[in-house]
Protein chains: 2
Amino acid sequence: MEGLSARASNIGAGASSSDVILDALRTAIIRGELAEGQTLRQDAIAKMFNVSRIPVREALKQLEASGLVTSVRYKGVVVSRISVAEIQEIFDFRATVEPKLIAHAVPRMSQHSLDHAQQLCEAFAEETDGVRWGDLNRQFHSSLYLDAGLPYYFAAAEAANDRIERYIRAQLSLGHGRALAIAEHQQIIDACRAGEAERAADLTRKHIVKASESLTRIITERG
Amino acid sequence: MEGLSARASNIGAGASSSDVILDALRTAIIRGELAEGQTLRQDAIAKMFNVSRIPVREALKQLEASGLVTSVRYKGVVVSRISVAEIQEIFDFRATVEPKLIAHAVPRMSQHSLDHAQQLCEAFAEETDGVRWGDLNRQFHSSLYLDAGLPYYFAAAEAANDRIERYIRAQLSLGHGRALAIAEHQQIIDACRAGEAERAADLTRKHIVKASESLTRIITERG
DNA sequence: ATGTTGTATATTGGATACAATCGTGCAAGC
DNA sequence: GCTTGCACGATTGTATCCAATATACAACAT
């Protein structure tokens, strides 16, 4: 019996079709696999997942609520366009929210979390596949915020990152973005390990501001 | 031609059923007309609006994405419960975000916006109907943030307010909540009119913190 | 009495079918 | 040539129907 219950994984709690589709679309959008302005046809998506349009529409409604797509009645939904000003605003928002998270997390951070963050940092430094950089970078930052025990702040930060992740990925891939990030990540971990909450917060804020400036430079140069 | 285009308001962009339902449910939830934990039956809502369950489900998915309801597969959706700790966290979040908004808005604030805010402040002071207090209070604060031109911050603040508006309403109705709010609102307007962005921001932050403390006191006293 | 099992009902998730609307191309008229 | 009107296909919005699941309760065994 014990063996069974250990393996008994709540079959009913499995994800619904619309949950699966939501996750797939969300991932594709934030990775930039779906370009800005691209229209998403309900029928095409439904066929990809072998479902009817109903769960597709429900997933799209959720994406709309989180701002990743924009919907126009009888015309369709498109991947949301975002202006340079908005990108900068969202980076600024992150620079406001994320230092609060890490400052609150530091005195509560477990050894396990610190080790995990260190692992992610090293994996990020060693990774050669460019598309995985974004994943690891994102996981690294999230891992430092979880112990804060501030679910609303955390969700707000995650939502903000969703909106600009494609640009963060570009910034990591171009110029010295990644090399700088690695060094700064290590500094942040060190501050956390030393229990210096304010320093960790300040480093986090500077890290975000630098990424924003670097990205702005890239955009203005390349058009 | 100018007159026409000024009045030409997008007749095709009329709200869909699910938009109407979304708005009605959202309003009912944030006003507290639907209690926490109350389950929302698709069929019942569909009958209220004389539609099928499809647009109802789409509205519920959007509410779920914004956190106002919680959905469990095959069981239904319930109005999200929120703990005291979460309420305090969201007030803290507001105290972080809204000062930024008003500080950015002050140097950009039009005379019209100032006048409008003053009107709302006075209407709030004179209103006798308790349920309208919440509306006017909310409108007052929003009116001070619009000129900031920070749509992401603004949306984040609105979303945070949605989650705790029912408690703000309680806080306004009980004790000296409303009387204090009126005085503090006027101080904020005065700072805005004087162009003192930092003072307006600080008053806003204190206003939010005081409301949070007042509410916490009410909750702990009354259970 | 208590606990278990079968069954009926209520409710949600999803598929199919239909209605409403948009965009486009094309022909007619000026 | 340029505009106007219209027909048609493509696409979205919604209703209706069926399947999957949960919940409540009755029948039954111990």
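All chains are named by letter (A, B, ...) in the order of the sequence lines, taking the proteins before the strands, and each is independently numbered beginning at 1. Note that the structure is predicted; figures quoted are calculated from it, not measured.
For residues 210-220 of chain A, the set of pairs meeting the salt bridge (Lys or Arg N to Asp or Glu O under 4.0 Å) definition, not counting sequence neighbours, comprises A:Glu184-A:Lys210. Sorted by first and then second residue, the ring pair (Phe, Tyr, Trp, His ring centres under 6.0 Å) pairs involving residues 86-121 of chain B (not counting sequence neighbours) are A:Tyr152-B:Phe93, A:Tyr153-B:Phe93. Every pair tested for salt bridge (Lys or Arg N to Asp or Glu O under 4.0 Å) that includes a residue from residues 114-123 of chain A fails, sequence neighbours excluded, so the list is empty.
Distance, A:Asp19 CG to C:dT12 P: 16 Å, rounded to whole Å. Between the CZ atom of A:Arg73 and the P atom of C:dA20 there is a distance of 12 Å, rounded to whole Å. Rounded to whole Å, the distance from NZ on A:Lys61 to C1' on D:dT12 is 10 Å. Computed from coordinates, the A:Phe49 CZ to C:dG13 P distance equals 19 Å when rounded to whole Å. Rounded to an integer number of Å, the gap from CZ of B:Arg53 to C1' of C:dA15 is 13 Å. Per the geometry, NZ belonging to B:Lys47 stands 14 Å off C1' belonging to D:dA15, to the nearest Å. In this structure, A:Ile54 atom CD1 and D:dT14 atom C1' are separated by 8 Å, rounded to whole Å. Computed from coordinates, the B:Ile21 CD1 to D:dT14 C1' distance equals 11 Å when rounded to whole Å.
The residue A:Leu40 sits close only to the backbone: its heavy atoms come under 4.0 Å of sugar-phosphate atoms, none of a base.
For D:dT12, neither phosphate oxygen OP1 nor OP2 lies less than 4.0 angstrom from any side-chain nitrogen or oxygen of A:Arg57. Phosphate contact (OP1/OP2 of D:dT14, side-chain N/O of B:Ser17, threshold under 4.0 Å): present. For the OP1/OP2 pair of C:dT16 and a distance below 4.0 Å, the side-chain nitrogens and oxygens of A:Ser52 include no atom meeting the criterion.
Under the rule for a side chain to side chain contact (heavy atoms under 4.5 Å, CB included), A:Asn50 has no partner lying at least two apart in sequence or in another chain.
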Polar pairs (N or O, both sides) under 3.5 Å between protein and nucleotides 9-11 of chain C?
residue: C:dT11; atom: O3'; partner: B:Arg41; partner atom: NH1; Å: 2.9

Under 3.5 Å, which donor-acceptor pairs link side chains of residues 55-65 of chain A to any protein atom two or more places apart or in another chain?
residue: A:Arg57; atom: NE; partner: B:Glu58; partner atom: OE2; Å: 2.7
residue: A:Arg57; atom: NH2; partner: B:Glu58; partner atom: OE1; Å: 3.2
residue: A:Arg57; atom: NH2; partner: B:Glu58; partner atom: OE2; Å: 3.1
residue: A:Glu58; atom: OE2; partner: B:Arg57; partner atom: NE; Å: 3.0
residue: A:Glu58; atom: OE2; partner: B:Arg57; partner atom: NH2; Å: 3.0
residue: A:Lys61; atom: NZ; partner: B:Ser18; partner atom: OG; Å: 3.4

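Judged by distance alone, the side chain of A:Gln88 and the main-chain N or O of A:Ala85 form no donor-acceptor pair under 3.5 Å.
Side chain to side chain, B:His185 and B:Asn137 meet the donor-acceptor criterion of an N or O pair below 3.5 Å.
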